[in-house]
Amino acid sequence: MAKILTLSSGKGPLRHGDENLGRIIFLGVTEQMENFNFYAPTKMLFGRGKVTELPQEMKPFGSRVLLVYGGGSIKKNGIYDTVAGLLRKEGFALFELGGVTPNPRIEAVRCGVSLAWENHVDMVLAVGGGSAVDCAKAIAAGACYEGDPWELVKDAAKIRTALPVFTVLTMSATGSEMNPTAVISNPETKEKQGVHSGFLYPKASVLDPTYLYTLPAGQTAAGVADIMSHIFEGYFKRTEDAYVQDKFAEGILKACIKWGPVALTEPEDYSARANIMWAASMALNGLCGCGKAGKWSCHAMGHQLGAYYDITHGVALAIVTPAWMRYILSEDTVDKFVDYAVNVWGFPRETDRFALANMGIDATEQFFLDCGLPSRLSELGIDDSDFEAMAKAAVPYADLDTQAYVPLHEEDVVNIYRACL
Ligand code: NZQ
Ligand code: ZN
């Protein structure tokens with residue numbers, strides 16, 4: 001079933017009280033859940049010491065492993081020694097690609113593919129956060145492809161198979177440990193691109209909450225913002241009857257709000273780390289987005305900031321999200337924001353709808369501030385010089401003008417970026 005909403009197309013979304021601005025656009029708003037497949041094949045090994053079960057999960061796939069990790073945190077905190085020691089003891093041959101940067105680059109993927117070929121590896125093991133995991137996934141696909149791996153990032157249909165991928169997670173944010181996505185950056189073309197393929201699901205992932213104890217506060221906070229954004233992107237959608245998904249979503253948001261601040265003040269609080277870790281995986285394994293129509297808005301805008309300025313993914317989202325929420329608040333969306341304010345933040349329902357919606361948005365912004373996250377692009381030294389170019393890339397990235405919860409055109413995206421200055 002579909003209905004017609006009134007929204008503008010060139011001058012920003014129709015605002016409360018701006019009744020003459022809009023023209024009618026058929027949005028194909030669905031009131032009923034779309035058909036979907038839910039598939040989450042990754043075996044999750046969750047809890048203290050669960051890494052000891054990793055070798056037995058890997059053994060059926062061979063013995064030659066490409067170990068992919070970041071800039072050295074796993075060497076400082078001992079996780080490298082634990083994992084490498086365990087695997088060597090079980091007879092695995094390890095080859096290594098270290099130094100993978102946040103916002104992992106295609107060049108690192110190319111290096112990994114060469115290593116995989118030279119050493120005839122059977123599988124790829126990421127030990128790290130989303131960047132190491134995404135790089136490992138792209139290498140796994142690239143190792144089974146004759147052309148340049150950037151072609152796979154640009155066109156997932158070219159991924160016909162991939163080496164098996166395993167992960168040992170040290171940072172909770174992206175959900176990459178349980179999903180079929182890799183996000184890779186190409187500094188030469190100023191692109192940051194997500195690729196989704198069923199061949200990229202990790203076979204098994206180790207989630208030991210104690211591995212998060214050394215995560216710096218800034219990364220912990222950015223991770224929480226990323227998790228919440230994954231939920232927002234699915235929660236604020238056109239499908240109206242996905243009650244089960246929305247209750248999962250509200251529960252995960254409440255977990256972030258409850259446990260994020262605890263993880264920040266008590267980095268070695270097991271319950272806080274465990275809840276955030278599980279929240280991250282559940283936020284982006286398909287569960288909350290099942291059957292909901294449309295594409296994501298804030299990630300499309302956030303990825304351009306990553307591509308142009310190489311900023312931390314969760315920081316970009318913490319800045320963009322409240323501005324986006326304020327921009328799309330209108331008569332058509334206000335009831336969803338009221339649900340959010342009441343069910344997630346606990347504000348009483350009887351207040352004026354727009355006041356209530358704004359209270360929920362203000363609470364979101366304040367939460368990110370309280371977590372120590374930047375709230376303005378200017379704090380990161382970013383001005384408006386690239387806004388037009390970024391908006392030009394953001395709109396087609398996720399068909400924002402036709403597929404977003406509230407359609408956004410280039411001018412709207414520029415306006416949202418400006419509101420972030
Ligand atoms: O590189 P090292 O030295 O390991 O340090 C990392 C890095 O500097 C550090 N870190 C990680 N675990 C640590 C630790 N430091 C101390 N102790 C630990 N236990 O944290 C920093 C950030 O790591 P990174 O892996 O970059 O973070 P995150 O997990 O947030 O991944 C971000 C990347 O994932 C993409 C983002 O765009 C970004 O490129 N995303 C991937 C998605 C997916 N695959 O589904 C979806 C997301 O929306 C996102 O786009
Ligand atoms: Zn994200």
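Both ligands and their constituent atoms are indexed starting at 1 by order of listing.
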K.L.:
With a 4.0 Å cut-off on heavy atoms, is S185 touching ligand 1?
P.N.:
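Judged by the 4.0 Å heavy-atom criterion, S185 does not count as contacting ligand 1.
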K.L.:
As an exercise, identify every atom of ligand 1 less than 4.0 angstrom from a heavy atom of G129.
P.N.:
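Close to G129: 25 (O), 29 (O).
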K.L.:
Please determine whether any non-hydrogen atom of A222 lies less than 4.0 Å from an atom of ligand 1.
P.N.:
no
K.L.:
Carefully, step by step, assess K137 and S176 under the rule side chain to side chain contact (heavy atoms under 4.5 Å, CB included).
P.N.:
CA-CA 9 Å; K137 288 176 175 176; S176 188; 2.9 Å; yes
K.L.:
Check this for me - ligand 1, K137, N or O atoms closer than 3.5 angstrom, yes or no?
P.N.:
no
K.L.:
Can you report which non-hydrogen protein atom sits closest to atom 26 (O) of ligand 1, along with the distance?
P.N.:
S131 OG, 2.5 Å
K.L.:
Does ligand 1 have any atom sitting under 4.0 Å from a heavy atom of G175?
P.N.:
no
K.L.:
What verdict does the ring-ring contact (aromatic ring centres under 6.0 Å, His included) test give for Y270 and Y213, after you've listed the backbone C-alpha separation in whole Å, the side-chain angles of each residue and the deciding distance to 0.1 Å?
P.N.:
CA-CA 8 Å; Y270 185 84; Y213 286 175; 7.1 Å; no
K.L.:
Does any N/O atom on G71 come nearer than 3.5 Å to any N/O atom on ligand 1?
P.N.:
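G71 vs ligand 1: N/O contact under 3.5 Å present.
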K.L.:
Just by modelled atom types, is the A272 backbone N or O under 3.5 Å from a matching donor or acceptor in the D269 side chain?
P.N.:
yes
K.L.:
Would you mind running through ligand 1 and noting each atom that sits below 4.0 Å from a heavy atom of H299?
P.N.:
48 (O)
K.L.:
Give the ring-plane orientation class for Y340 versus F232, where under 30° counts as parallel, over 60° as perpendicular and anything between as tilted.
P.N.:
perpendicular
K.L.:
To the nearest 10°, what's the angle at the Zn ion (ligand 2) between atoms OD1 (D226) and NE2 (H299)?
P.N.:
120°
K.L.:
Output yes when a side-chain donor or acceptor of W296 lies under 3.5 Å from a complementary backbone atom of A398, and no otherwise.
P.N.:
no
K.L.:
Please work out the angle at the Zn ion (ligand 2) defined by atom NE2 of H230 on one side and atom NE2 of H313 on the other, rounded to 10°.
P.N.:
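Rounded to 10°, it measures 170°.
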K.L.:
Just jot down the ligand 1 atoms closer than 4.0 angstrom to any heavy atom of H303, in number order.
P.N.:
37 (O), 50 (O)
K.L.:
Do the rings of Y397 and H303 sit parallel, tilted or perpendicular, given the 30° and 60° boundaries?
P.N.:
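Plane angle over 60°, so perpendicular.
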K.L.:
Kindly state if atom 42 (C) of ligand 1 has a protein heavy atom within a strict 4.0 Å cut-off, that is, under 4.0 Å?
P.N.:
yes
K.L.:
Which bit of S73 is near ligand 1, meaning a heavy atom under 4.0 Å away: side chain, backbone, both or neither?
P.N.:
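The answer is both, backbone and side chain.
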K.L.:
Would Y211 count as a polar contact of ligand 1, with the cut-off being nitrogen or oxygen pairs under 3.5 Å?
P.N.:
yes
K.L.:
Hey, is the main chain of S330 close enough, under 3.5 Å, to the side chain of T333 for a donor-acceptor pair?
P.N.:
yes
K.L.:
For N103, counting its heavy atoms only, list the atoms of ligand 1 lying under 4.0 Å from any of them.
P.N.:
38 (C), 39 (O)
K.L.:
Quick one: does W150's side chain get under 4.5 Å of N186's, heavy atoms only?
P.N.:
yes
K.L.:
Which atoms of ligand 1 are found less than 4.0 Å from any heavy atom of V183?
P.N.:
37 (O), 40 (N), 41 (C), 42 (C), 50 (O)
K.L.:
Identify, by atom number and element, the atoms of ligand 1 in contact range of S176, meaning under 4.0 Å from any of its heavy atoms.
P.N.:
43 (C), 44 (N)
K.L.:
When you compare ligand 1 with I79, is there at least one nitrogen or oxygen pair between them that comes in under 3.5 angstrom?
P.N.:
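In fact, backbone or side chain, I79 has no N or O that close.
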K.L.:
Look at atom 16 (C) of ligand 1 and say which protein heavy atom is nearest, naming residue and atom and giving the distance to 0.1 Å.
P.N.:
T214 O, 3.3 Å
K.L.:
Considering N77, T174, D134, which one's heavy-atom position lies nearest to atom 44 (N) of ligand 1?
P.N.:
D134
K.L.:
Can you see whether D246 engages Y235 through a side-chain donor-acceptor pair at a distance of less than 3.5 angstrom?
P.N.:
no
K.L.:
When you compare the side chain of V206 with that of F166, does any pair of heavy atoms fall below 4.5 Å?
P.N.:
no
